[in-house]
There are 2 protein chains.
Amino acid sequence: MSAVPADAVFRALADPTRRRVLERLGRGPATVSDLAKPFEMALPSFLQHLRMLETAGLVSSTKVGRVRIYRLVPERLKLAEDWHARQRRLWETRLDQLDDLLKTLKESES
Amino acid sequence: MSAVPADAVFRALADPTRRRVLERLGRGPATVSDLAKPFEMALPSFLQHLRMLETAGLVSSTKVGRVRIYRLVPERLKLAEDWHARQRRLWETRLDQLDDLLKTLKESES
DNA sequence: GGAATAGTTAGTCATTGACCTAACTATTCC
DNA sequence: GGAATAGTTAGGTCAATGACTAACTATTCC
């Protein structure tokens with residue numbers, strides 16, 4: 001299977017730590033140590049999560065002096081949201097079809 | 001980290017094969033071999049994906065004779081959708097706050 | 001009852017993910 | 001310039017994932 005860009009996004013979302021980081025970044029940019037503070041994890045482990053988020057394109061970072069600042073890239077989250085939207089549309093279409101079927105059956109009863 | 005139920009859902013979504021299965025099931029229930037047909041994969045490998053989807057609660061199955069039928073459990077997908085919605089709300093709140101800030105700055109200029 | 005069909009179980013293997021410690025580099029601040 | 005701070009790299013462990021083949025069970029159909 002060819003690895004579409006969406007894959008990296010979904011895989012990035014699959015970890016609770018990373019989702020919490022995204023939630024935090026939803027409230028505005030933050031430095032590595034800011035982001036790391038709420039987690040018990042050793043820094044290098046945490047950095048791996050940040051790297052994964054960044055390669056998925058969900059966050060971006062810039063280094064200012066010895067500090068690195070991360071910010072959300074919300075457009076990227078849309079990839080996943082869009083999938084859900086498509087999926088829901090599909091599902092709802094199907095319910096409509098069932099509806100139609102039931103209606104037809106009811107009508108042919110009389 | 002305690003494994004919340006949402007975790008299993010997100011992890012299940014992290015694989016393209018499984019997402020395609022969900023898309024297929026969005027168009028209605030199907031048997032194991034129906035579902036497996038579009039994939040090059042050996043059956044046992046494919047079954048593992050189905051099992052993962054089922055333990056995540058995203059699909060359910062019943063066996064009828066020697067055939068097993070899978071169907072979508074759309075309520076479960078909502079867990080992930082809700083996360084996105086919450087995330088978007090957060091993000092938009094933040095944009096509003098930035099807006100307010102900019103407005104305030106502009107006003108104090110005059 | 002025997003062959004074909006549908007799914008299942010068992011066992012192997014390589015890769016990736018999630019964590020760790022130890023040691024290092026680069027910047028800032030006194 | 002030396003100490004403190006912020007992040008980075010290297011290297012290692014362990015469990016889970018994604019795939020395979022081979023062999024098995026349960027059902028249906030002739």
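From a predicted model like this one, the values you see are computed outputs, not experimental measurements.
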Please tell me if A:Arg18 has a side-chain N or O lying less than 4.0 Å from either OP1 or OP2 of C:dG17. no
So, the side chain of A:Arg88 versus the backbone of B:Lys78: is there a donor-acceptor pair under 3.5 Å, distance only? no
Under a 4.5 Å cut-off applied to non-hydrogen side-chain atoms, are B:Arg86 and A:Glu23 in contact? yes
Please determine, for the side chain of B:Val32, which listed nucleotide (C:dG7, D:dT9, C:dC20) has the closest atom? C:dG7
Length of the NZ-C1' vector between B:Lys63 and C:dT8, whole Å: 7 Å
Residue that, paired with B:Tyr70, satisfies side-chain contact (heavy atoms from CB on, under 4.5 Å) out of B:Val21, B:Thr31, B:Leu53, B:Val59: B:Val59
What's the closest nucleotide to the side chain of B:Arg11 if the choices are D:dT17, C:dG7, D:dA19? D:dT17
When you compare the side chain of B:His84 with that of A:Leu13, does any pair of heavy atoms fall below 4.5 Å? yes
Atom CZ of A:Arg19 to atom P of C:dA18: distance rounded to whole Å? 11 Å
Looking at A:Ser45, does any N or O in its side chain come under 4.0 Å of the phosphate oxygens OP1/OP2 on C:dC20? yes
Nucleotide paired to C:dA26 in any strand shown, Watson-Crick or G-U, under 3.5 Å: D:dT5
Gap between atoms CD1 and P, on B:Ile69 and C:dG7 respectively (whole Å): 9 Å
May I have the distance from A:Leu43 (atom CG) to D:dA10 (atom C1'), rounded to whole angstrom? 15 Å
Determine whether a donor-acceptor pair (N or O, by modelled atom type, separation under 3.5 Å) exists between the side chain of A:Arg68 and the backbone of A:Val32. no
Testing C:dT9, C:dC19, D:dT8 for proximity to the side chain of B:Leu47, the answer is C:dT9
If you find the nucleotide of DNA chain D closest to A:Ser33 and the one closest to B:His49, which residue's nucleotide is nearer the 5' end? A:Ser33
Which sits closer to the 5' end of DNA chain C, A:Val64 or A:Ala42, going by the nucleotide each is nearest to? A:Ala42
Length of the line joining B:Arg51:CZ and C:dG7:C1', which is rounded to integer Å: 10 Å
Nearest whole Å is fine: how far is C:dG7 C1' from B:Tyr70 OH? 10 Å
Write down the partner of C:dT21 under the Watson-Crick or G-U wobble criteria, each distance required to be under 3.5 Å. D:dA10
Round to a whole Å and report the spacing from CD of B:Gln48 to P of C:dT15. 17 Å
Quick check for you: among D:dG18, C:dA18, C:dT8, whose closest atom lies nearest to any side-chain atom of B:Pro44? C:dT8
Taking 4.0 Å as the cut-off, does a side-chain nitrogen or oxygen of B:Arg66 come that near to OP1 or OP2 on D:dT25? no
Distance check: side-chain N/O of A:Arg68 vs OP1/OP2 of D:dA6, anything under 4.0 Å? no
Could you state the CZ-C1' distance from B:Phe39 to D:dG18, rounded to the nearest angstrom? 14 Å
Nearest-nucleotide pick for A:Val67, side chain only, options being D:dA6, C:dG7, D:dC20: D:dA6
Among B:Arg18, B:Glu54, B:Arg20, which residue meets the side-chain hydrogen bond (donor to acceptor under 3.5 Å, both in side chains) test with B:His49? B:Arg18
